[in-house]
Q: 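Structure below; questions to follow.
Keep in mind that this is a model prediction, so the values were computed, not measured. Quick note on labels: first sequence line is chain A, next is B, and so on, each numbered from 1. Heavy atoms only: backbone and side chains are in, while hydrogens, waters and symmetry mates are out.
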Protein chains: 2
Amino acid sequence: MKFHATPLDGAYVIEPEPRGDERGWFQRVFCEREMTDAGLEGRFVQVNNSFNAEAGTLRGLHYQLPPSPEVKIVRCLSGALWDCIIDLRPNSATYLGWHAVELTGENRLAFYVPRGFAHGFVTLRPNTEALYLASEFYDPNSERGVRWNDPKFGIAWPVEGAIISEKDAKWPDFDEDFHGVERLRGV
Amino acid sequence: MKFHATPLDGAYVIEPEPRGDERGWFQRVFCEREMTDAGLEGRFVQVNNSFNAEAGTLRGLHYQLPPSPEVKIVRCLSGALWDCIIDLRPNSATYLGWHAVELTGENRLAFYVPRGFAHGFVTLRPNTEALYLASEFYDPNSERGVRWNDPKFGIAWPVEGAIISEKDAKWPDFDEDFHGVERLRGV
């Protein structure tokens, strides 16, 4: 696996290195040792999978506050995702900055999302499937969200007419108290 | 996730429990806590991915001896696998028994393969992709294989004309010494 830096400190794009053989190809998409050797999180406790029928389906942006801030590794199994993160660590040089990566069933890239980042995606094609690893258990009490079109961030989503859950459509405008970002200072 | 027992002691079929929503569905496909609550392995250190262009492609059957005997959780992301395991634990009531499960992109089942089992599959359709978690690092010194058509086991593969690597085609006839099964007695 190759780790490519992004404009946001601590966030990486992970590129697999498939080896062709008589039968097709084989690739390692996660290795605890390679992760920790690169200074990244190596232990993941949950793997989640979502299927999205329509292009323009939006999930996010989500994160967990301490005591459950999580690292995520997000991949696209089929179709295409525009995968977006926001740095919510108050002591980060890129605090409140966002960055997006296109993850597709063909490019096989993964997005390594550090603790203290909100994460979401919009699907660019119908029948898009996402798979992601999380380093902490889902904890509804620690869960927070940022609304996709919050003017505070001005994320340049590439598609309109998002199909979105009521919960995700209604996250309040960014507010440091509701969003608890002070708790992410040391994360 | 639901855990279904199989005829081989300690091997399970894992069935996800998708929840539909406005956008498609969401499902958890791995949870360390659910695994350990069920008495199963909860820590996995590598995730591997293979693509197989043709129906009738066979990979396996592989296992690792101590000190690296591994649990695997195998899923099919697209296409269809006939996924087969052999119990190589000398102290097991089902020693040398085999069992197979059809894993497809539609049924979303996973096969939990305990330590001390050889594992392999044949693809039932073209363009079949497999994803599997392993509880130990790949260790070439500990790796062993059983030949798919070894008469000792008489596995009833559902398709003929297997496309197979030279390495997998040449594993020797089952022999307790070469295969090191005594080392799997306590596994």
Q: Out of Arg23(B), Glu129(B), Arg19(B), Gln46(B), return the one with the most heavy atom pairs under 4.5 angstrom to chain A.
A: Arg23(B)
Q: Looking at Arg33(B), I'd like to know if its CZ atom is crowded, meaning that more than 12 non-hydrogen atoms belonging to other residues, nucleotides or ligands lie closer than 6.0 Å.
A: no
Q: With the 4.5 Å side-chain cut-off for hydrophobic clustering, are Phe44(A) and Val74(A) part of the same group?
A: no
Q: Does any heavy atom of chain B fall under 4.5 Å from the side chain of Glu34(A), the backbone, both, or neither of them?
A: neither
Q: Answer yes or no: is there a side-chain heavy-atom contact under 4.5 Å between Arg75(A) and Asn49(B)?
A: yes
Q: Can you measure from CG (Asn48(A)) to CZ (Phe30(B)) and round to the nearest 0.5 angstrom?
A: 11.0 Å
Q: Do Phe121(B) and Trp98(B) land in one hydrophobic cluster if side-chain heavy atoms of ILVMFWY residues count as linked below 4.5 Å?
A: no
Q: Examine whether an atom of Leu58(A) lies under 4.5 Å from a heavy atom of chain B, and if so say whether it belongs to the side chain, the backbone or both; otherwise answer neither.
A: backbone
Q: In terms of hydrophobic clusters joined by side-chain contacts under 4.5 Å, are Phe3(A) and Phe117(A) together?
A: no
Q: Between Tyr132(B) and Phe26(A), how do the two ring planes meet: parallel, tilted or perpendicular, split at 30° and 60°?
A: tilted
Q: Tell me which of these, Gln27(A), Arg43(A), Met35(A), has more heavy-atom pairs under 4.5 Å with chain B than the rest.
A: Gln27(A)
Q: Can you say whether Leu77(A) sits under 4.5 Å from chain B via the side chain, the backbone, both, or neither, judging by heavy atoms?
A: side chain
Q: Is Ser165(A) in contact with chain B via its backbone, its side chain, both, or neither, using a 4.5 Å heavy-atom distance?
A: both
Q: Do Leu103(A) and Leu124(A) share a hydrophobic cluster, counting only Ile, Leu, Val, Met, Phe, Trp and Tyr and linking them when any side-chain heavy atoms are less than 4.5 Å apart?
A: no
Q: Is any side-chain heavy atom of Arg59(B) less than 4.5 Å from a side-chain heavy atom of Asp21(A)?
A: yes
Q: Report yes if the side chains of Phe137(B) and Glu32(A) come closer than 4.5 Å at any heavy-atom pair, otherwise no.
A: yes
Q: Is the shortest heavy-atom distance from the side chain of Val47(A) to the side chain of Val47(B) under 4.5 Å?
A: no
Q: Give a yes or no on this: more than 12 heavy atoms of other residues, nucleotides or ligands lie within 6.0 Å of atom CD of Glu106(A).
A: yes
Q: Are Ile155(B) and Leu81(B) linked, directly or through intermediate hydrophobic residues, by side-chain heavy-atom contacts shorter than 4.5 Å (ILVMFWY only)?
A: no
